[in-house]
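Remarks on the structure that follows.
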Amino acid sequence: MKQPLALRFDRIVKDNLPKRMEMLNVLKDGAFSAEIFWKKGNGVKSVLEHMGRLSDFKGIYAFIENDKFIYIDESSYVIRRLIRHYKGNSKYQMKLAHLMVNTNKEMQPFYTISDAIKAMENMKIVFIDVPDELERQLTTLYLQCQFECKYNRFE
C-alpha cells in the first residue's frame, strides 16, 4: 500500500534529497565520458552492454563540464534520452544543445548546434536510478537549484 502523498513528500524532502545530492557528488569522480553516447554506431543496446546493465531505467542524469554540473534532468528511459541529446532530430530531443545555443547567442552570435554538440562531446555524464516519479521530479528540481546548473533555467 502506498503512503499518503503528504507523507511521501515529507520523506523525500527530509531524507532522500540530501542523500541524492551527496550521491551525485560522489559519482562525479567516476563520471562516464560522453563519447559512449555520441560515438557512431552506439545505440541503447551497446551503451547498456558497455555499462553492464540489462535494461534502460527511470532516473536522473547530469552533464558535467569543467568539474561542474551544468545540466540536470530526468527521464523514464535515461540511456535512450542521453543518446538523443547527441543524435536527436528535433529541438526537444537535442534540448541541451539548443539551450547552449540560446544561452551563448549574445556572447557568441554565430554559436551553432554543431558547436554545442562538439562542446557536449567533451563533457562527463553521471546518472542515478530513481524509479519513483514523484521523487524523481522533486529530486531533479532540487539538484538543479542546489548546483545552480547554468542550462537549467527558471524564469
Test: salt bridge (charged side-chain N to carboxylate O under 4.0 Å, His left out). Region: [range]. Which pairs qualify, not counting sequence neighbours?
range: residues 44-56; result: Arg53-Asp129
range: residues 58-73; result: Glu65-Lys150
range: residues 81-99; result: none
range: residues 136-149; result: Glu74-Arg136

Side chain Gln93, main chain Asn89, donor-acceptor under 3.5 Å: yes
Inter- and intrachain pairs under ring pair (Phe, Tyr, Trp, His ring centres under 6.0 Å), touching residues 39-59, at least two apart: Phe57-Phe127
Qualifying ring pair (Phe, Tyr, Trp, His ring centres under 6.0 Å) pairs, either residue in residues 10-31, two or more places apart: none
Same cluster for [X] and [Y] if Ile/Leu/Val/Met/Phe/Trp/Tyr side chains link at under 4.5 Å?
X: Tyr77; Y: Ile60; result: no
X: Leu141; Y: Leu134; result: no
X: Val26; Y: Val126; result: no
X: Leu27; Y: Phe32; result: no
X: Ile128; Y: Ile83; result: no

To the nearest 0.5 Å, how far apart are [atom1] in [X] and [atom2] in [Y]?
X: Leu99; Y: Tyr151; atom1: CG; atom2: OH; result: 9.0 Å
X: Ser46; Y: Ile79; atom1: OG; atom2: CD1; result: 10.5 Å
X: Asn152; Y: Thr140; atom1: CG; atom2: OG1; result: 9.0 Å
X: Asn16; Y: Phe9; atom1: CG; atom2: CZ; result: 12.0 Å
X: Asp29; Y: Lys124; atom1: CG; atom2: NZ; result: 11.0 Å

May I ask you to test the [X]-[Y] pair for a side-chain heavy-atom distance under 4.5 Å?
X: Cys149; Y: Ile72; answer: yes
X: Asn25; Y: Lys28; answer: yes
X: Leu24; Y: Phe147; answer: yes
X: Leu82; Y: Ile125; answer: yes
X: Asn42; Y: Ile36; answer: yes

Modelled atom types, side-chain donor and acceptor of His98 and Tyr92, under 3.5 Å: no
Salt-bridge present (Glu135, Arg8; N to O < 4.0 Å): no
Apply side-chain hydrogen bond (donor to acceptor under 3.5 Å, both in side chains) to [X] and list each qualifying residue two or more places apart in sequence or on a separate chain.
X: Gln108; value: none
X: Asn122; value: none
X: Ser33; value: none

Residues in ring pair (Phe, Tyr, Trp, His ring centres under 6.0 Å) contact with Tyr142, at least two apart in sequence or another chain: none
In residues 110-119, what donor-acceptor pairs under 3.5 Å come from side-chain atoms, sequence neighbours left out?
unit_1 : atom_1 : unit_2 : atom_2 : d
Thr112 : OG1    : Ser114 : N      : 3.3
Thr112 : OG1    : Asp115 : N      : 3.2
Thr112 : OG1    : Asp115 : OD2    : 3.2
Asp115 : OD2    : Thr112 : N      : 2.9

More than 12 heavy atoms from other groups under 6.0 Å of CD on Gln137: yes
Candidate list Met100, Gln144, His85, Met123, test side chain to side chain contact (heavy atoms under 4.5 Å, CB included), partner Tyr71, passing option: His85
Parallel, tilted or perpendicular: rings of Tyr86 and Phe37 (30°, 60°): parallel
Remaining members of the apolar cluster that contains Leu54, side-chain heavy atoms under 4.5 Å: none
